[in-house]
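These notes are about the structure you will find just below.
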Amino acid sequence: MPEIMNEDLIRSITAKVLQEMSGQADNTIPIGISARHVHLCKEDMEALFGAGHELTHFKDLMGGQYAAAETVTIVGCGATVLKARVLGPLRSATQVEVSATDSRNLGIKAPLRDSGDIVGTASLTLIGPKGSVFIAEGGITARRHIHMSPSDAVRLGVKDKDIVKIEIDSPRGGIFGDVLVRVDTSFTLEMHIDTDEANAFGITGKTFARIWR
């Protein structure tokens, strides 16, 4: 009986064949730097901005998300307070994403988590123009990840929730490990890292990455 190839090898071969057929040898992934930001639930949004308030659209983001014009102030246990932009649409639970440096400055311990995984995470206070709210949990440092469409996933030889290593093409380039792949029809190809990671690798402006094999 012939030996059956494993799924990872099949995806790798498929990606190579599709690139050759399309004449597309470019396997680069654009990098987006994600500054600190806040996702709000409806109850917290109204406490911060007033009853009946609706977020003001500022800039489209991928996956149906958008940057809102609204900002809030983040307060932890330390002397430093930080300003952050709100992202829409509203969620079922409030989540605050900060870098490790932000976390230390705020005097909180925001664990490294995937977006949406907030159980047992850092507590903090948010202040808006109409009031403040205490968040018992929801402060995280976001795990680095790549958004991509299903066709990008096939071309790059990966699948949703794969963990990959990424080679960064920058003046202080290197390898990022533990990078989560997220695949959805609403996504466009982009790797998301926070400001600490960008500074460590000298990433500014238009920078690209490649999956390290």
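All residue numbers in this chain count up from 1 along the given sequence. Below, all heavy atoms of this structure are taken into account, side chains as well, without hydrogens, waters or symmetry copies.
Taking the side chain as every heavy atom from C-beta outward, Ile146 and Val164 approach each other to under 4.5 Å. Looking at heavy atoms from C-beta onward, Thr195 lies in side-chain contact with Ile33 at the 4.5 angstrom threshold. Using a 4.5 Å heavy-atom threshold, the side chains of Pro129 and His53 count as separate. Contact check for Met191 versus Phe176: side-chain heavy atoms found under the 4.5 Å cut-off. Leu106 is listed as a side-chain neighbour of Val98, based on a closest heavy-atom distance under 4.5 Å. In this structure the side chain of Val181 never reaches within 4.5 angstrom of the side chain of Asp160, judged on heavy atoms. Counting heavy atoms from C-beta outward, Ser123 and Ile108 have side chains that stay 4.5 Å or more apart. With contacts defined as side-chain heavy-atom distances shorter than 4.5 Å, the pair Leu90/Leu55 qualifies.
A 6.0 Å sphere centred on OH of Tyr66 holds more than 12 heavy atoms belonging to other residues, nucleotides or ligands. In this structure, Gln65 places its CD atom where more than 12 heavy-atom neighbours from other residues, nucleotides or ligands lie under 6.0 Å away.
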For the pair Glu46 and Glu54, evaluate side chain to side chain contact (heavy atoms under 4.5 Å, CB included) and give the outcome as yes or no after the intermediate values. CA-CA 8 Å; Glu46 291 192 338; Glu54 295 185 0; over 6 Å; no
Side chain to side chain contact (heavy atoms under 4.5 Å, CB included), that's the test. Do Ile211 and Asn27 meet it? Break it down for me. CA-CA 8 Å; Ile211 295 177; Asn27 63 350; over 6 Å; no
Step by step, would you call Ile203 with Ile168 a side chain to side chain contact (heavy atoms under 4.5 Å, CB included)? CA-CA 9 Å; Ile203 298 170; Ile168 305 297; 3.8 Å; yes
Please determine whether side chain to side chain contact (heavy atoms under 4.5 Å, CB included) holds for the pair Val75 and Leu124, giving the CA-CA distance in whole Å, both sets of side-chain angles, and the decisive distance to 0.1 Å. CA-CA 6 Å; Val75 182; Leu124 40 80; over 6 Å; no
Are Thr56 and Glu70 close enough, and set up right, to give a side chain to side chain donor-acceptor pair (under 3.5 Å), and what steps lead you there? CA-CA 7 Å; Thr56 306; Glu70 288 80 359; 3.0 Å; yes
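Between the CG atom in Asp44 and the OG1 atom in Thr94 there is a gap of 3.5 Å [rounded to 0.5 Å]. Going from atom CZ of Arg36 over to atom OG1 of Thr141 covers 11.5 Å, rounded to the nearest 0.5 Å. Atom OG1 in Thr80 sits 5.0 Å away from atom CG in Asn105 (nearest 0.5 Å). With rounding to the nearest 0.5 angstrom, the NE2 atom of His147 is 9.5 Å from the CG atom of Leu61. Here CD1 of Ile74 is found 10.5 Å from CD of Glu97. Values are rounded to the nearest 0.5 Å.
Remark: Arg182 is not positioned above the aromatic ring of Phe187, lacking an NZ or CZ atom under 6.0 angstrom from the ring centre and at most 45 degrees off the axis.
A distance-only check finds a donor-acceptor pair linking the side chain of Glu137 to the backbone of Gly120 [under 3.5 Å]. Side chain of Gln95 to main chain of Ser115: no donor-acceptor pair is present (N/O by atom type, distance under 3.5 Å, no hydrogens or angles). Put simply, the side chain of Ser132 never gets that close to the backbone of Leu126: no donor and acceptor are under 3.5 Å apart. Between the side chain of Asp194 and the main chain of Ser34, no donor-acceptor pair closer than 3.5 Å is present. Panel note: side chain Ser170, backbone Phe201; a donor-acceptor pair is recorded below 3.5 Å.
Tested against Ile31, the residues Ile166, Thr207, Asp169 include a single side-chain contact (heavy atoms from CB on, under 4.5 Å) partner, Thr207.
Using the six-membered ring where Trp is involved, His37 and His39 have ring planes that are perpendicular, over 60° apart on the 30 and 60° scheme.
Following chains of ILVMFWY side-chain contacts shorter than 4.5 Å, one cannot reach Phe208 starting from Ile193, and the two form parts of different hydrophobic clusters.
Contact record, Gly64 with Pro89: O-CD, 3.6 Å, taken as the closest heavy-atom pair. Across all non-hydrogen atoms, the minimal contact from Gly139 to Pro111 is O-CD, 3.5 Å.
Defined by atom type and a distance below 3.5 Å, a donor-acceptor pair is missing between the side-chain atoms of Ser99 and Arg104.
Between Arg144 and Asp178 there is no salt bridge, since none of the side-chain N atoms of the basic residue sits less than 4.0 Å from a carboxylate O of the acidic one.
Listed by first then second residue, pairs satisfying salt bridge (charged side-chain N to carboxylate O under 4.0 Å, His left out) with a partner in residues 114-133 read Arg113-Asp117, Asp114-Arg143, not counting sequence neighbours.
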